[in-house]
Structure formats: structure tokens, C-alpha cells
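Keep in mind that what you see is a predicted model, and the values were worked out from it rather than measured. All ligand and atom numbering here is 1-based and tracks the order in the structure.
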Amino acid sequence: MSPVKILDRSFIPFLNEERILNRIGEMADEMNSELAGDDTIFIAILNGSFMFAADLMKRIRFPSQITFIKVTSYAGTQSTGTVQSVLGLNQSIVNRNVVIVEDIIDSDLTIDFLLQDLRKQAPLSLRVCSLLLKPGALQVDLKPDFVGFEVENQFLVGYGLDYDGYGRNLRHIYVEEGQ
Ligand code: IMP
Ligand code: MG
């Protein structure tokens, strides 16, 4: 694994593909025992989670569906910011187990918005799964049910994560040099 340059920034290796896939295997195993036998729908959040969602789903051993939604967050002038749904949910989640699939949880704004929205639609259960977790999320008391790796407040790219839209295709995860 060598360093990569994306636009004006340099990134060095952080988590290699093998480590990522091993951990995803463990997360899938947890889900395979916890959710076995129930009707489950995975809701993956675009764009960042596309690679994680694909590798996770290959390892799920119970009948389930996957769908994708897209939300955007606007920081604006308010410190809280707002989140908007730009590609909504078409399937019904009434009386079904729901697992939200995220690439990384940072401030938790995105997840918080989604949880509020989905709770209104009467699912049987609602779980959150994130490949990566930054410390900010823990300050607002959001505890995802399944977490791949807890990381520091550092900027990461690769394996779905982007810098200004680039770098999502990288098979490993990289951290910005000097962080
Ligand atoms: P939040 O939890 O609402 O702050 O937003 C999480 C979203 O911010 C993720 O889905 C990513 O798209 C993006 N994000 C957060 N941290 C990083 C990072 O280190 N690299 C790339 N994208 C990030
Ligand atoms: Mg994202």
C-alpha cells in the first residue's frame, strides 16, 4: 500500500482491504445470529456506504432485502445544520426489522434525522450499523448497534469515503497525512 494524492491533499494507508473485510465478516456474523429468521430490510445510505453495503450483504445468511437512500446535510449558518432526504424510501418498513447501513458516523446529524423519520413508519426494530465511528457521535449519545472500527477525529478516504467526490473507488482506507 503506498500513499495516494487526491486533488491537493496527501493520504497514507490506514486500514487495508484484508482488515476491513475480516471485520465486516465479524459484523455479518453478529447479524446472522441476532437477526436470523426475521424479515429484515437493510437501508444503505448513498453515496459513501455503497462498497461497505456490498461486502456486508455478501456475508448475510438470512433472507433480507437491501435498498438505498440518499440524504444531504447542509451546515448553513446554524450550528445544528439540517438534513434533507433527496432519494427517499420506496419500500414499506412496517413491522419489519430495519438496519441502517452507514460508512461513517461523525456528528450524527444524518443518522439522527433518519432515525426520527423511520421511527414514525412503525418498524418492528431499528438498528444502526456503521463501518466507522468518530468520537463526535458518542458525545450526543448515539450508540450504533454494529460498529466496524472506532477512529479518532481524522479525515479518511477510500472504500466509499470521499474527498470532494474523489477517492471512493480506493480499495483500502487512507488517512490524511499529518493527522
Ligand atoms: P454526520 O454523522 O451527519 O456528521 O455525517 C456523516 C457523513 O459525513 C458520512 O456519511 C460521510 O459522508 C461524511 N464524513 C464524515 N467523516 C468523513 C471522513 O473522514 N471522510 C469522508 N467523509 C466523511
Ligand atoms: Mg456520506
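- Residues satisfying the salt bridge (charged side-chain N to carboxylate O under 4.0 Å, His left out) criterion with E26, sequence neighbours excluded, are R23.
- Cation-pi geometry between R168 and F50 is not met: the NZ or CZ atom fails to fall both under 6.0 Å from the ring centre and inside 45° of the normal.
- If you look at E102 next to ligand 1, the close heavy atoms, those under 4.0 Å, all belong to the side chain.
- Residue nearest to atom 14 (N) of ligand 1, selected from I104, V157, N153: I104 (by heavy-atom distance).
- Taking every non-hydrogen atom of K134 and a distance limit under 4.0 Å, the qualifying atoms of ligand 1 come out as 16 (N), 17 (C), 18 (C), 19 (O).
- When each atom of ligand 1 is checked for a heavy atom of Q154 under 4.0 Å away, the hits are 19 (O).
- Within the listing of ligand 1, atoms 9 (C), 10 (O), 11 (C), 12 (O) sit less than 4.0 angstrom from a heavy atom of D103.
- For the pair D103 (side chain) and I45 (backbone), a donor-acceptor distance under 3.5 Å is absent.
- Applying the side chain to side chain donor-acceptor pair (under 3.5 Å) test to pairs two or more places apart or on separate chains, those with a residue in residues 11-21 are E17-R171.
- Between F11 and Y163, the ring planes are tilted. Angles from 30° to 60° get that label.
- The T110 neighbourhood of ligand 1 comprises atoms 1 (P), 3 (O), 5 (O), with distances under 4.0 Å to a heavy atom of that residue.
- Between the side chain of D145 and the main chain of V128, a donor-acceptor pair closer than 3.5 Å is present.
- Remark: ligand 1 atoms within the under-4.0 Å shell around heavy atoms of D162 are 21 (C).
- Taking only non-hydrogen atoms, the option from L114, L161, L156 nearest to atom 20 (N) of ligand 1 is L156.
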